[in-house]
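Remarks on the structure that follows.
Chain A is the first sequence line, chain B the second, and so forth, proteins listed ahead of strands; every chain is numbered from 1.
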Amino acid sequence: MSTELPTTYSSKDTEAKWYKQWEDGKYFKPKKGKTNKSFCLIVPPPNVTGKLHAGHALDITTQDSLIRFKRMKGYETLFLPGLDHAGIATQSVVEKMVYDEEKKTRHDFSREEFVKKIWAWKEEYGNTILDQQRAMGASCDWDYLTFTLDPIPNQAVKRFFVELYNQKLIYQNDYIVNWDPALQSAVSDAEVEHKDVQGAFYHIKYQIKGSADTLEVATTRPETLFGDTAVAVNPEDERYKHFIGKTAIIPLCNREVPIIGDEHVDLEKGTGCLKVTPGHDFNDFEIGKRHNLPIINILNKDGTLNDQGMEFKGLSCKEARKRVAKKLEELELLIDTKNHMHPVGHGERSGVVIEPMISKQWFVNVKDMSKRAVEAVESDETKFFPKEWENTYFAWLRDPKDWCISRQLWWGHQIPVFYCDECGHQWASEHNETECSKCKSKKIHQDPDVLDTWFSSGLWPMSTLGWPNEQAMKEKRFETFFPNSVLITGFDIIFFWVARMMMMSLKSQNKVPFKEVYIHAIVRDKLGRKMSKSLGNGIDPFDMIEQYGTDAFRFALASGAGYNRGINLDPERIGGYRNFINKVWNAYRFIQPHLEGATTIKDLQKLDHHERWIISEFNTTAKLMNESLEIYRYDDASSAIYSFVYDKYCSWFIELSKNILNGDSKEVKAQRASVLKFVFKKMLALMHPITPFITEELWSHLKDKNEDLLIAQAYPEFDPALEFKDDQDQMNKFVEVVTGIRNLRASVNIKPKDEVNVELFTDNQDLIHYFRNNLVNFQELARVKDLKVGVKDLSRPSKSIMNITTHTEIFVPLEGVIDLKEQIARLEKELSKTEADYKKYEAKMNNENFMKNAPENVREEVKRNEAELREKICGLKENLSQFKS
RNA sequence: GGGCGUUUAGCUCAGCUGGGAGAGCGCUACCCUUACAAGGUAGAUGUCGGGGGUUCGAUCCCCUCAACGCCCACCA
């Protein structure tokens, strides 16, 4: 029977084919399973501007593997895809594009026109990442696909906003915010990156009014002195405390400001004398509040100085700093300049220096919400895997600052607050208002700002399932899938996203949004560096898929995903798993021609030792896989299936089957073929969640006509009826002895083709039988010609090389000359190794305290090992003396 | 400055409640053995970061030092 299968597996031919069949066959849609339980996992919506990167690939791998696992286990599964509008990121992409193409900025368009352009861009390019998720094998129900700006999420945002607004938990306030002059928007604390920058301390002389005295103030930002409304010293400071209450005169603008005492001022730092600029410094803003200081804004929205800056008006801060310093120097008010490295906030997205600035912003009071979010995790309503990440979560929620939710952008959910231009009334509404709810005037306008992207992301577990639209909730089966079963994401967004979903869901639904959170590692390059555009060290998932196939890529990611915080991904490792996938392919190529006579296995007891052994090994592997995947130990699951396929099925079971399949007995052949097939099919099922494509492909070759696709098969679980401990134990000993023989052959350079005679001695009667029954296998696996098996009191062959295990002595008699020296050296090495081992146990046995304190099972094990090693040493010594004589 | 974490074979990492140091990749030698050279067989490699302590016993627990990483805050 000839086979047409090529020797290497081609991922390209199979992947797209199976994805289409799954999707067309509606296998991704939730279906009631045997557990009658549901399982829902929502994809963290990637940015609509995004391209799939290695982190996303890990997201999809861990999520999809889990979903496929649960689906096969009989849960009604929903894997829900989505897209995030990603306010700033998307708007700036389109702004850049429009500028490149038309040399226009968004201000050259009306808001409506420009937003239309962004939508057009989204329709054209926004689906790229979804196709890439498909290529990764994501078994999402695409009918659920939700975009954060879709009507229902929009309704959700408004509903939630209005609720909080009416409870006075959303309020507007003058606030010092991180102002991004490039984006011309406030950005959140979390979007500000602090980088060390070389700057300087400028020591400036401030005159004290009605006195000849001066104060020496140190600042890194002399240009902000136009916004100073006080000078502060520490009230404990002996040098300055007598100035408190007096008035200082600010240079250049000659404003008179009070000298105040405030504990924030550090006696050691600078000169111990601080200029207070509440409009442009976070700490100064706090000081200002404490002392009721006026706030002066000296900057325009683009970060240049406004009218307050006098002759420096219109200059950037950086430029103004130089000129102000120069001017002060000319006036002899600049006493000193000292170089100083200090951290400066930069916009994470724009990269420019963030200016603290006062503006009117919307805030959410998160005090109560955060408390409940903390309690939900403390009480295990939501569990973190690995548990350590709770700390990160708590750290943020236990000391929350109110959340600034307004953004000065056009792309996003517009804040549903309306103002009456006639009576000044302000109200929030989830509807499109046309008249003032108070005076009925038609002259109203909506707040121009949009909401922080995380405001809509925070409602994601609810809004994707239809909330708050009752009709949609019914259709999308909110009751079944909310709360979600688990959230899988990276630790970098525990603050941004996880915490907010927890708060918002508890507030709105009085329920946690998901029962478990698995935090996976961050993918780095093989040197452990973050993948970044600037380093050019990013791994493009598509290159990997192209080069090695999706299954190999998924397997590599899964094998690195456990409770660790980083995966250093080296493409070479993916290559290694590509080889593994190919191994599976070739295992199938081997068994395929023999399967004709295969039937279902009726009586396990009638199987032979090796057949029971492989089934038992399989059973153990199934147990491990189930346990590991249940707790997100993808690494353990991968290594379990890897070693089963490689070390058990291929290296031993297939090798042990060759002589049977090439033999004469039809009956024995059929039985072996049946077991080969049975285990292979089960093995495909075990692997399927991690490597869906090749397993589905091979399944299609092996399945019975009435069997469904693999994706819909039951996941193998531990079955006590498939456990054969004795067979596993004897097989292990057999493997040891075969390896021992091979080892001996290698030690005297016997050619792989040449046959040898072997004599085995053991005191274990069962083993004697077992070995005798395995004559043909010794011949096949170790090129043994004649095999003698006997008890240890028989005499050993004289001219021979030997090896020894704890249960069996192995002799290979040799005709020609053996290098006695070499053999003695080898045995002596083995002896000293064994003796070193033995000493550890001997010491324990002689240690009274150990025998008194150690638990029973540990003592037993030590005794057993001690006895086994003692016997091995005995045998080694005996044979050594024979060699030497 | 505050917090969290890491340090185990050349590399990437496992190691469960303390009880004989593991895997994959890489490396070496020999093999084109009839599923697979993307293969087979055999093999080498560790002061488990340093020091101290608890214990009959420590890679694991405690203290301390060092290096590295991440997060938060921030000094005028």
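- Between the side chain of His203(A) and the backbone N or O of Glu216(A) there is no donor-acceptor pair closer than 3.5 Å.
- The side chain of Val858(A) lies closest to G19(B) when the candidates are C36(B), G19(B), C56(B).
- Rounded to whole Å, the P atom of G50(B) lies 34 Å from the corresponding atom of A42(B).
- Arg633(A) contributes no side-chain N or O that, together with a main-chain N or O of Glu627(A), makes up a donor-acceptor pair within less than 3.5 Å.
- The aromatic ring centroids of Tyr577(A) and Tyr548(A) lie 6.0 Å or more from each other.
- Heavy atoms of Thr219(A) sit under 4.0 angstrom from primed sugar atoms or phosphate atoms, though from no base atom.
- When the P atom is used for both C60(B) and U8(B), the distance is 14 Å, rounded to whole Å.
- In this structure, U45(B) forms no base pair with any nucleotide, since neither Watson-Crick nor G-U wobble geometry is met with both distances under 3.5 Å.
- One interatomic measurement links the two molecules: CG of Asn178(A) to C1' of A73(B), which rounds to 13 Å at whole-angstrom precision.
- Searching all strands for a Watson-Crick or G-U wobble partner of G57(B) with both distances below 3.5 Å returns nothing.
- Residue-to-nucleotide contacts include a donor-acceptor pair under 3.5 Å from the side chain of Arg578(A) to the base of A38(B).
- Among the atoms of the strands shown, only primed sugar atoms or phosphate atoms (P, OP1, OP2) are found under 4.0 Å from some heavy atom of Tyr646(A).
- One finds a side-chain N or O of Arg633(A) lying less than 4.0 angstrom from the OP1 or OP2 phosphate oxygen of G15(B).
- Residue Asn283(A) is in sugar-phosphate contact alone, with no base atom involved, counting any heavy-atom pair closer than 4.0 Å across all strands shown.
- Between Trp652(A) and Phe734(A), the angle of the ring planes goes over 60°, which puts this pair in the perpendicular group of the 30/60° scheme.
- Atom C1' of nucleotide A35(B) and atom CG of Leu676(A) are separated by 12 Å, given to the nearest angstrom.
- With respect to the salt-bridge test (charged N to carboxylate O, under 4.0 angstrom), the residues Lys833(A) and Glu830(A) do not qualify.
- Among the heavy atoms of the strands lying under 4.0 Å from Asn847(A) are primed sugar atoms or P, OP1, OP2 only; no base atom is included.
- When the nucleotides A38(B), A35(B), G20(B) are ranked by their closest atom to the side chain of Asn586(A), A35(B) comes out on top.
- Nearest to the side-chain atoms of Lys658(A) among the listed nucleotides G39(B), A35(B), G20(B) stands A35(B).
- Side chain of Phe850(A), nearest nucleotide from C56(B), C70(B), G40(B): C56(B).
- Within 4.0 Å of Ser643(A), counting heavy atoms only, lies no atom of the nucleic acid at all.
- Between Ile494(A) atom CD1 and C4(B) atom C1' the separation is 11 Å, expressed in whole Å.
- The side chain of Arg742(A) lies closest to A42(B), out of A14(B), A42(B), G39(B).
- Of the possible donor and acceptor atoms, one in the side chain of Ser651(A) sits under 3.5 Å from a partner among the backbone N and O of Tyr646(A).
- With distances taken from any side-chain atom of Lys840(A) to the nucleotides C56(B), C31(B), A21(B), the minimum falls on A21(B).
- Within 4.0 Å (heavy atoms only), Gly272(A) reaches at least one base atom of the nucleic acid.
- Base-pair partner of G39(B): C31(B) (Watson-Crick or G-U wobble, both distances under 3.5 Å).
- Residue Asn853(A) places no side-chain N or O under 4.0 Å from the OP1 or OP2 atom of G57(B).
- Nearest to the side-chain atoms of Lys583(A) among the listed nucleotides A76(B), U41(B), G39(B) stands G39(B).
- Of the nucleotides present, C72(B) is the one that pairs with G1(B) by Watson-Crick or G-U wobble criteria, both distances under 3.5 Å.
- The side chain of Asn849(A) lies closest to C56(B) when the candidates are A35(B), C74(B), C56(B).
- The residue among Phe590(A) and Ala218(A) whose nearest nucleotide of RNA chain B is located toward the 5' end is Phe590(A).
- Residue Phe201(A) has its side chain nearest to A76(B) when only A76(B), G20(B), A35(B) are considered.
- U47(B) and A35(B) have their P atoms separated by 43 Å, given to the nearest Å.
- Nearest nucleotide to the Tyr642(A) side chain, out of C25(B), A42(B), A38(B): C25(B).
- Contact record, Val231(A) with Val217(A): CG1-CG2, 4.3 Å, taken as the closest heavy-atom pair.
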